[in-house]
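Heads up: the structure comes next, in structure tokens.
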Amino acid sequence: MADVDITSQTMDGMGPHGTKVGLLRVLGPAHVWALGVGIVLVGEYMGWNFSVGKGGAYAALIACWFAGILYSCVAMIDSEVTSTVASAGGQYTQAKHIIGPLMAFNVGLYLVFAYTMLEAANAITAGYLFSVVATMTGYSGELDQRPFIILVITFLAWLNYRGVLATLTFNLVITAVAFSAIIILFLSTSGILGGGIMDHAALFEGHELPYGWVGVLAAMHFGLWYYLGIEGTTQAAEEVRSPARSLPFGTLAGIMTLLIAATLTWYVCSGILPWEFLGDGVDGAVAPLFSAAQLSGSMALVWLLGFGTLFATLASANGCINDASRAWFAMGRDKYLPGWFGAVHPKYRTPYRAIIFLVPIALIFALGAPLDQVITFSILSGLLGYTFMPLNIILFRRKWPLDTIKRGYEHPFHPIPAIALLTLCGVTFFAVFLGYGTQLVAMIGFYIIVSLWFHFWRYRFVNRGAQFTMPWPKPRGY
Amino acid sequence: MELWNYIEYGAWALAALLGLHMLVDWLKTDSTYDEDVLISSREGELEAMAEEHKVH
């Protein structure tokens, strides 16, 4: 197969093993960045501030940076593994090659649930934002949010259906606007451009750690919100032109962007809004950056952050559709799920059946489930996925040491990031158990039941001969 | 009726239109192409063609 020119127009998207129609390799590092940051940035606009309510502003900052360490480990580990296992499905495909089918099945489901739930939560939020805009523009009635929720999901699914390049270029533009809005808000309110309105000392006095160190622990759960989803960059692996270069570049640039955005967000909001108001994400600061812009007295900032909030929400939902459909598609292609889902559109080169199938599921959750439950299920599925990653990289390095296969990126200080990630996952599980113990137990019960179903029934249909595709040497010790 | 009522109806209509477009295209695609072609995608194309996976 070495004589096949993969850049040829006639062979584009086609390859060996009988592939006649494959996903299109058209993306670059900027699209990978847009996918990762786009999914996450909504967490800066809303959600993270519940950590302030749990333990005060300093606890939120500690949670922000601890979670930042956790996600830096995630980004580094993911960059190494996915630049080597560069296929749609991301962590699912990694688990399949490195650990085994049962782990892969579970990880695939974590991904699909985490992203589909997050997509539903984003659509609910977008519907709410439209109602806020209606009120701001003088509408006196009660806006029906349902058409806007449905429109967000169908429009973004349609965009995904029509092609990955347009989808992620759209994400690149709206994510860049949303990120720039945070920077402009910081520059405008900190005193760098014009008069500053921040007063951290006065707002923090007497409220440094209102609930002590237990509050810091409780805040950890919502600290994840600043970065949750950056691991989604791996799903673009089969559609980037140069996986070994683009995936590490886009992912690591993404986590750096998020560390800056998260710290600036905390700094701006905690310096303008009292912690009691900031920490109440239901009746207080629903969208804290927007609330900070309102207090600045500038209508231009209010509109900019308003659009920033909407764009961040749309970018997140868009990235989630992209990622959930790739994971579902990859599982279908290997017959972990019915092979029918492994189809690629011959014209648009997208996993069109997977995209369409997940639309009604997202709609059911967006229209029929409460937002906090949807978000909790998404976070818990994500957390299970993060727990898998350190085990994955330890086994990867053990079975295929650095001198045996070529990697696009080698992460430094192994196994320290893996151990740090595992420890922080343990702490976060404990924090989640304190607040959402019932949901955690119910969800683990769900995954045990589907694992039994997979082991005793579904595995007989899996395309076992075709599922291991990497031309690697035999793993060490086998 | 206020402007936002019209926007609501517009959102319903646009969502239906986009959903319908996907459905029609899906059915058209499935009936035009052989199933073997549609599900012919295999993992690891690039690796098999371009990657050596040897450390020099």
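So that the names make sense, note that chain A is the first sequence line, chain B the second, and so on, each numbered from 1.
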Flag if over 12 foreign heavy atoms under 6.0 Å of OH, A:Tyr128
no
From the options A:Arg407, A:Gln94, A:His414, select the one residue that forms a side chain to side chain contact (heavy atoms under 4.5 Å, CB included) with A:Phe396.
A:Arg407
Just give me the residue among [options] that pairs up with chain B most often, heavy atom to heavy atom, under 4.5 Å.
options: A:Leu151, A:Ile356, A:Ile355, A:Thr154; value: A:Leu151
options: A:Pro147, A:Pro346, A:Gly342, A:Gly332; value: A:Pro147
options: A:Tyr139, A:Trp340, A:Tyr352, A:Trp400; value: A:Tyr139
options: A:Ala343, A:Gly339, A:Gly138, A:Ala134; value: A:Ala134

Count the heavy-atom pairs under 4.5 Å between each of B:Val37, B:Ile7, B:Asp30 and chain A, then report the option with the highest count.
B:Asp30
Best-contacting candidate, B:Thr32, B:Leu18, B:Leu23, against chain A by heavy atom pairs under 4.5 angstrom:
B:Leu18
Of the backbone (N, CA, C, O) and the side chain (C-beta and beyond), which part of [X] lies under 4.5 Å from a heavy atom of chain B, both, or neither?
X: A:Ser140; result: both
X: A:Phe155; result: both
X: A:Phe341; result: neither
X: A:Val152; result: neither
X: A:Ile150; result: both
X: A:Ala330; result: neither

[X] with [Y]: basic N within carboxylate O range, under 4.0 Å:
X: A:Arg353; Y: B:Glu35; answer: yes
X: A:Arg146; Y: B:Glu8; answer: no
X: A:Glu80; Y: A:Arg397; answer: yes

Donor + acceptor pair across side chains of B:Trp4, A:Thr137 (<3.5 Å):
yes
Can you confirm whether the side chains of A:Arg333 and B:Ser41 place a donor and an acceptor under 3.5 Å from each other?
yes
Kindly indicate whether the side chain of A:Asn160, heavy atoms from C-beta on, has any atom under 4.5 Å from the side chain of A:Phe170.
no
Using non-hydrogen atoms only, which part of B:Leu17 is less than 4.5 Å away from chain A: side chain, backbone, both, or neither?
neither
Is it the case that the ring center of B:Trp26 lies less than 6.0 angstrom away from the ring center of A:Phe357?
no
